Structure formats: structure tokens, C-alpha cells
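Basis for what follows: all heavy atoms, side chains included, without hydrogens, waters or symmetry-related copies. Just so we're clear, the structure is a prediction, and the values are computed from it rather than from any experiment.
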Amino acid sequence: MSLKRNEFRMYQRTIHKTLLILYFLLSYNRVEGQKKLSKLEDVELEKQLKILNKPAVKTVKTKYGDTYDCIDFYKQRAFDHPLLKDHNFHPKMKPTLSRIKKDSTFSSTTNRSSTIWSKDGGCPFGTIPVKRITKDDLIRLNRMPPPEDVTFDNEYDVSNNNSRPNGRYISSQVYKVAITQISYNPNNKFAGAGMDTTVYNPQVNGQQHSGSRLKIHKGSDIVQAGWRVDPTLYGDTNTRLFIHFQAGEIRCFNTLCPGFVQVNHDIPLDNSLNDTISVRGGKLWGLVVHIERDLSGNWWFLLRKDFTRIGFWPQSLFTDLKSFATNVDWGGVVYSPSGVPKPPMGSSYFPIENTSYDSYCTDLAIVNEKGKTIEVDTTVTHTDNPYRGEFKLLSRGTQNKYFFIYGGPGESTHV
């Protein structure tokens, strides 16, 4: 184990060194168009592309024009991680969940089921779809902002009748959130959580991004999933699926670095949700997201009400999340560089307590340490200006249920 840890530290140093090299080689791109790639810079980019783009069994396109390589399951980027060298994972893996599923027939949104692939079809079983990385992608990804910095007060007042934390969620200047969360308690033991969130396409520009996420964390370890509009990450303004994990000093979206083991051969981790954008007052589309810890300690990313398995973060990646999580939150997050107006969030409108018009997260649930799914009916809400958010019992059709409604137009829709 100590040998593997030493390899992991060497791996971390290699990543930092590579990023530093790329930073100096590509820093001129902060002022676009002033310089072309030199031969040295071009060679360095080609080296990185060979590492990232694995040999393809088949190359396919989505109906949106995205190119994906079908990579042999055993050759995916995850297994470049030194802690996963001696793995026994396989493409038929299923989560060994002790979860007691919640039985719900209520649905406030329509869930996506149609294929995203063009007429050439998707990837065959035994492979996984991985979006091909280009030089332009590497240059753009060099401008990715630092991850969201989230701080909680570690003290917890058990005498507080409301069972709320003494401290508060502390946001940065460049990240703003409208979230609802389980009251902080260092003794919390969560084995997972889920949500159904409406999918929208808020307008962003430049390095801004805007999205909705489910986030599970403990200490310095974080796993999260949802949708986001992020031109820096994706190179366009489409609403796309995303996952993200943080394990100590390693932070990574989707499969841009080793770690997440993908098992699903049909659903890419960064696929476009263009056909399923909600219309205020019209048809609503939902993204059902679950993150759950199985009996082996792996954290699974699952989609839809039928818990479609996408893949998992192996337990060995983590320190704090080797066991259970202490924090769960749901809701919206936006980013703008310092001095740039904040972008729209959610539906781009303030909530009006009408679920036909509001962006929301509903079917909020947590999984306790015994594997039982519990519907959430009490939360603590944190909302940064200029956004709004409320956790409320609202009517939808003939039923009442809890919704976290959130969003806002931001400071400007044009930058």
C-alpha cells in the first residue's frame, strides 16, 4: 500500500509539472491571436494529445456533431492512475448497493430517453464513448478557473433546536450559488443522494459558466454531477452533462484525468442535452441524478429513475470519502471572472413559486449509512446575491411535494 501511495504522489507531481509546462507554453493565449504555436509548443501539445486520446475501436458522431472515440473498456484513461493499476474492474460491473429504493410514481418532468447518436450508431459493448480532445481544447482548458472553494464552519451546536450549523457556507468572489443543503454535522454519515433537476440553457459568455449540481463531500474529497453551460470546459454554449471529483489535490471534470471508471457504452459523460431544454410555462425536461456508495466503497454515478449505471469513482482514490460523506447540497452555481457581471442561473428568472416557470431541484433524497433512501423535507438554504432560492412545499398537479426553487437573471445577460 505504501508503494502505491508513493506512486500516487509521483503521479500528482507529474500532473502538476505537466500543467505548469502547458501554462508557460500556452500563456500567450490569454491574449488571443497574437502568436502562433511554435514547433516546441506544438510538439508538447501532440504529446499530451497522445496521452489523452486513446486508440479507438470505432469513431462515432452524435446528431449534434460531437466526435467520440469508442475506447476499449480496459484502455480507458481511468486505468492510467497508479492506484488503479491492479484493478479487477470489468464492463459488466454493477454497484453492490444495499439501498432500499424509493418507490415513486410521481414525475414533474419528462426524462430523456432518445438516442443522441447519428445514423452510424453508438459505441459497441465493451467500449466507452470518450470525446476526442483537440489542440484547441487543450489551449482552452488551460484557462479553466480554479475549482469552487467551499468552506464550512467545523463547529456544530447540538443544543440548537433547529439543528443548524453555527457557521455558514462561505462563497468566493467569482463563484456564486443558490443551494439547499443538509444541516452540517461532523457525525453525518451519508452513503449517497439524488435529485431531479430541470434542464435549462442560461446564456453565458467568455469564461462564465452556469449549472445545476448534486454535490457530496467530506473534508477535501468531493464528488458531484449535474448539468452546466461552460464554454471553457466544452468549447460551446450547449447545456451538457458533467461530473467532477476532487481527491486531495487532484481535481477533474469528466474523464479529463484518470480516476472515474466508466462502464456505460451509450451515454457520454459530457453529452449535449440540446433536445431536452425546458421551456418556462411549457414542456419541462428533467435530469435525474444519483450518486451512491456501494458496499465496496465505490461511489457510483447513476442516471434516470431506473438508476442507469454510468460508472464510478473507486474507493482507493479517496481519503475522506473512503467512508461516508458528511455534506450534501443541491442547486445552482455560476462563475464569472473577477470584474465580470454574474451570468444567469437556472431558468434565468427569479423563482415565483410556480413550478411550471421556476428552475428547481426536486425528489431530493439522501441515502443513510444503512442504505435506506430518505426523502428530504428539512434543509438549510444559502443564496448569494444576485440570485434567489427557497426550499418549499408546493403543489404540482394533484400532489404536494418539496422543491428547491432557485435562479435569477444575474447582473447582465450581455458581457
Side-chain angles (χ1 to χ4, degrees), residues 78 95 97 99 109 111-112 128-131 147-148 150 175 177 179-182 190-200 209-218 221-230 233-234 238-247 250-257 259-264 266-273 276 285-294 298-314 317-318 321 325 327-335 346 359-367 373 376 404 406:
L97 298 172
R99 159 177 31 85
T109 55
N111 295 302
R112 190 167 187 258
I128 60 165
V130 179
K131 199 165 185 289
E148 181 186 357
V150 180
Y175 283 94
V177 300
I179 59 170
T180 197
Q181 59 194 128
I182 301 296
F190 301 124
M195 70 172 181
D196 181 353
T197 181
T198 42
V199 179
Y200 282 96
H209 68 243
S210 182
S212 172
R213 85 316 173 72
L214 159 65
K215 189 174 187 178
I216 295 176
H217 47 122
K218 180 182 181 181
D221 289 349
I222 299 170
V223 289
Q224 59 179 320
W227 62 260
R228 66 197 279 130
V229 183
D230 191 337
L233 178 60
Y234 293 124
N238 294 338
T239 302
R240 291 180 179 269
L241 186 66
F242 88 95
I243 63 169
H244 181 270
F245 84 98
Q246 177 175 321
I250 302 298
R251 303 171 178 89
C252 189
F253 282 98
N254 305 324
T255 56
L256 288 173
C257 68
F260 184 83
V261 178
Q262 189 169 349
V263 299
N264 193 294
D266 191 49
I267 303 176
L269 290 168
D270 48 10
N271 79 83
S272 173
L273 304 176
T276 54
W285 292 90
L287 179 67
V288 178
V289 174
H290 315 268
I291 299 175
E292 298 193 17
R293 182 182 186 272
D294 71 8
N298 302 318
W299 289 91
W300 280 82
F301 172 44
L302 310 165
L303 283 178
R304 303 171 179 162
K305 292 184 181 294
D306 64 356
F307 297 90
T308 299
R309 59 195 176 97
I310 307 301
F312 61 93
W313 294 278
L317 297 177
F318 301 106
L321 280 179
N327 300 83
V328 178
D329 64 68
W330 302 264
V333 59
V334 301
Y335 169 85
S359 53
Y360 61 76
C361 300
T362 191
D363 286 338
L364 304 189
I366 56 170
V367 182
T373 299
V376 174
F404 176 62
Y406 72 94

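- A salt bridge is defined here as a Lys NZ or Arg NE, NH1 or NH2 lying under 4.0 Å from an Asp or Glu carboxylate O, and Arg228 with Asp230 meets this definition.
- The shortest heavy-atom contact between Leu241 and Tyr234 is O-OH, 2.7 Å.
- Listed for the Asn264 side chain is a donor-acceptor partner under 3.5 Å among the backbone atoms of Asp266.
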Note to self: Does Asn327 form a side-chain contact (heavy atoms from CB on, under 4.5 Å) with Ile182? I'd like the steps, not just the answer.
What the structure shows: CA-CA 7 Å; Asn327 300 83; Ile182 301 296; over 6 Å; no
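- Counting heavy atoms from C-beta outward, Leu321 and Trp313 have side chains that stay 4.5 Å or more apart.
- Listed for the His290 side chain is no donor-acceptor partner under 3.5 Å among the backbone atoms of Lys305.
- Note: Ile128 CD1 to Phe260 CZ = 9.0 Å, rounded to the nearest 0.5 Å.
- Of the candidates Phe245, Trp300, Phe301, Phe318, Phe312 forms a ring pair (Phe, Tyr, Trp, His ring centres under 6.0 Å) with just one, namely Trp300.
- To the nearest 0.5 Å, atoms OG1 (Thr198) and OH (Tyr360) are separated by 5.5 Å.
- Of the N and O atoms on the side chains of Ser212 and Thr197, at least one donor lies less than 3.5 Å from an acceptor on the other residue.
- No side-chain donor-acceptor contact under 3.5 Å links Arg213 to the backbone of Gln224.
- Salt-bridge annotation for Glu148 and Arg251: absent, with no side-chain N of the basic residue lying under 4.0 Å from a carboxylate O of the acidic one.
- How far CG of Asp221 is from CD1 of Ile250: 11.5 Å, rounded to the nearest 0.5 Å.
- Side-chain contact between Asp363 and Val288 is absent, with no heavy atoms from C-beta onward closer than 4.5 Å.
- Annotation: side chain of Leu303 is in contact with side chain of Leu287 (closest heavy-atom distance under 4.5 Å).
- Residues Arg293 and Phe190 form no side-chain contact, since every pair of their non-hydrogen atoms from C-beta on lies 4.5 Å or further apart.
- Between Phe404 and Gly331, the closest heavy-atom pair is CE2-CA, 3.9 Å.
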Next item on the list: Apply the test side-chain contact (heavy atoms from CB on, under 4.5 Å) to residues Asn254 and Phe242: give CA-CA distance (whole Å), side-chain angles for both, the deciding distance (0.1 Å), then the verdict.
Entry: CA-CA 6 Å; Asn254 305 324; Phe242 88 95; 4.0 Å; yes
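- Here the shortest heavy-atom pairing between Pro314 and Gly259 reads CD-O, 3.2 Å.
- Distance check: Asp270 CG to Thr255 OG1 gives 7.0 Å after rounding to the nearest 0.5 Å.
- Here the straight-line distance linking atom CG of Asn238 with atom CH2 of Trp227 works out to 12.5 Å at 0.5 Å rounding.
- Using a 4.5 Å heavy-atom cutoff, the side chains of Thr239 and Val199 are in contact.
- Across every non-hydrogen atom of Gly346 and Tyr406, the tightest pair is CA-CE1, 3.9 Å.
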Next item on the list: Could you walk me through whether Ile179 and Trp330 pass side-chain contact (heavy atoms from CB on, under 4.5 Å), step by step?
Entry: CA-CA 5 Å; Ile179 59 170; Trp330 302 264; over 6 Å; no
Item checked: side-chain contact (heavy atoms from CB on, under 4.5 Å) evaluation trace for Asn271 with Lys131 -> CA-CA 9 Å; Asn271 79 83; Lys131 199 165 185 289; over 6 Å; no
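- Heavy-atom minimum distance, Val263 versus Arg309: CG2-NH1, 3.6 Å.
- Annotation: the span from Leu302 atom CG to Ile310 atom CD1 amounts to 7.5 Å, rounded to 0.5 Å.
- In this structure the side chain of Pro129 reaches within 4.5 angstrom of the side chain of Gln262, judged on heavy atoms.
- Here the closest non-hydrogen pair linking Ala325 and His217 is CB-O, 3.7 Å.
- In this structure, Leu233 and Leu256 have side chains that are in contact, with non-hydrogen atoms separated by less than 4.5 Å.
- Looking at Ile222 and Ile216, their side chains never come closer than 4.5 Å, going by heavy atoms from C-beta outward.
- Checked by atom type and distance alone, the side chain of Thr373 never pairs as donor or acceptor with a backbone atom of Val367 at under 3.5 Å.
- Aromatic ring pairs are classed by plane angle as parallel below 30°, tilted from 30° to 60° and perpendicular above 60°; the pair Tyr335 and His209 is parallel.
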